[in-house]
Amino acid sequence: MKTRSSLLMFAVAFAAVVMPQQMQAQTYLPQIADGGNWYTAIMINNTSTASAIVNLTFFQDTQSGATIPWNPPFVEVSSTNSISVPAGGTVYIHTAGTATALTQGWAQVTKTQASVEVTAIYTYESFAGRPNQDGTSPATAGGSRILVPFDATSGYSTGLAIVNPTGGAEPIGVNIELDSGAIPLAPNTMISLPSNGQRAFNLTDFFPAAAGHRGQIEFVSDGTIAVAAFRINPTVALTSIP
């Protein structure tokens with residue numbers, strides 16, 4: 001976890017939600033990480049005048065985009081089902097982060113009030129319990145076309161996490177436009193994700209033609225996808241990209 005590649009492997013998973021009949025307003029956190037000196041905090045803010053119930057359901061990344069159900073070790077709660085959030089209130093939970101190995105995945109958020117806002121906060125503990133690496137990522141609704149700016153110039157890199165929250169396999173079309181205006185990928189370049197699948201990767205590892213450039217990457221699907229992106233600077237500090 002002390003190298004750029006390990007940070008990029010991290011930089012990118014989310015909580016999926018099992019929802020009762022009254023639940024609605026589903027959003028996604030495409031990246032959750034715990035262990036290997038990382039921990040993830042989740043802030044749940046209820047901006048409405050009525051209490052709300054929030055369910056968080058998690059999926060752990062295994063290999064080749066596949067996931068399995070996951071119960072991250074949260075310190076404050078034993079279950080992330082039916083979390084009660086009072087009107088105007090906030091609930092804070094965070095993973096233990098004590099495991100030697102990094103585990104990552106994604107989360108689906110289901111809530112009874114659309115005005116509930118959920119944010120993931122990632123922290124890296126460098127030494128002696130000192131947290132020196134923070135980044136945030138808000139839960140967002142999925143879409144069928146998502147545009148993400150990127151920076152892959154010298155010393156900078158972009159980590160991406162892509163999630164397929166649907167019940168079937170999803171082919172995802174990819175187009176990249178460089179700052180020069182060139183589009184280095186042929187049409188119909190594809191990423192395939194299984195049901196509830198996730199891919200977390202460094203942009204240039206997957207698409208070498210983007211190296212040395214800034215630009216934007218477009219993800220297109222016939223179904224629903226969600227994306228989290230992180231810009232990592234030469235000091236290995238990261239920030240989320242809208």
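Heavy-atom basis, side chains included; hydrogens, waters and symmetry copies ignored.
When the side-chain hydrogen bond (donor to acceptor under 3.5 Å, both in side chains) test is applied to Ser48, the partners found at least two apart in sequence or on another chain are Asn46. For Ser221, the side-chain hydrogen bond (donor to acceptor under 3.5 Å, both in side chains) partners two or more places apart in sequence, or in a different chain, are Glu170. The side-chain hydrogen bond (donor to acceptor under 3.5 Å, both in side chains) check on Asn45 picks up Thr90, with sequence neighbours excluded.
Put simply, the side chain of Ser137 reaches to within 4.5 Å of the side chain of Phe230, judged on heavy atoms. Contact annotation: the side chain of Ser51 never approaches that of Val85 to less than 4.5 Å [non-hydrogen atoms, C-beta and beyond]. At least one side-chain heavy atom of Ile93 sits less than 4.5 Å from a side-chain heavy atom of Thr80. Looking at Ser144 and Thr224, their side chains never come closer than 4.5 Å, going by heavy atoms from C-beta outward. The shortest distance between side-chain heavy atoms of Phe150 and Val148 does not fall below 4.5 Å. Between Tyr28 and Val109 the shortest side-chain heavy-atom distance does not fall below 4.5 Å. Asn71 has its side chain out of reach of Phe58: every pair of non-hydrogen atoms, C-beta onward, lies at least 4.5 Å apart. The side-chain heavy atoms of Thr103 and Trp70, taken from C-beta on, include a pair separated by under 4.5 Å.
Without hydrogens or angle criteria, Glu76 side chain to His94 main chain gives a donor-acceptor distance under 3.5 Å. Put simply, the side chain of Thr40 gets close to the backbone of Ala33: a donor and an acceptor are under 3.5 Å apart. A donor-acceptor pair under 3.5 Å links the side-chain atoms of Ser195 to the main chain of Thr166, judged by distance alone. Within the 3.5 Å criterion, the main-chain N or O of Arg231 finds no donor-acceptor partner in the side chain of Thr239. When atom types are taken as modelled, the side chain of Thr67 and the backbone of Asn196 share a donor-acceptor pair closer than 3.5 angstrom.
A salt bridge (charged side-chain N to carboxylate O under 4.0 Å, His left out) check over residues 32-57, counting only residues at least two apart or in different chains, returns nothing.
By the rule that hydrophobic residues join a cluster once side-chain heavy atoms approach within less than 4.5 Å of another member, Leu56 and Val77 end up as members of one cluster. Criterion: ILVMFWY side-chain heavy atoms under 4.5 Å apart, direct or through other members. Under it, Val220 and Leu203 are not part of a common hydrophobic cluster.
The other residues sharing a hydrophobic cluster with Ile121 are Met43, Tyr92, where clustering joins ILVMFWY side chains under 4.5 Å apart.
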Which side-chain N or O atoms in residues 206-218 pair as donor and acceptor under 3.5 Å with protein atoms at least two apart or in another chain?
{"unit_1": "His213", "atom_1": "ND1", "unit_2": "Asp179", "atom_2": "OD1", "d": "3.1"}
{"unit_1": "Arg214", "atom_1": "NE", "unit_2": "Asp151", "atom_2": "OD2", "d": "3.3"}
{"unit_1": "Glu218", "atom_1": "OE1", "unit_2": "Asn175", "atom_2": "ND2", "d": "3.2"}
{"unit_1": "Glu218", "atom_1": "OE2", "unit_2": "Arg145", "atom_2": "NE", "d": "2.6"}
{"unit_1": "Glu218", "atom_1": "OE2", "unit_2": "Arg145", "atom_2": "NH2", "d": "3.1"}

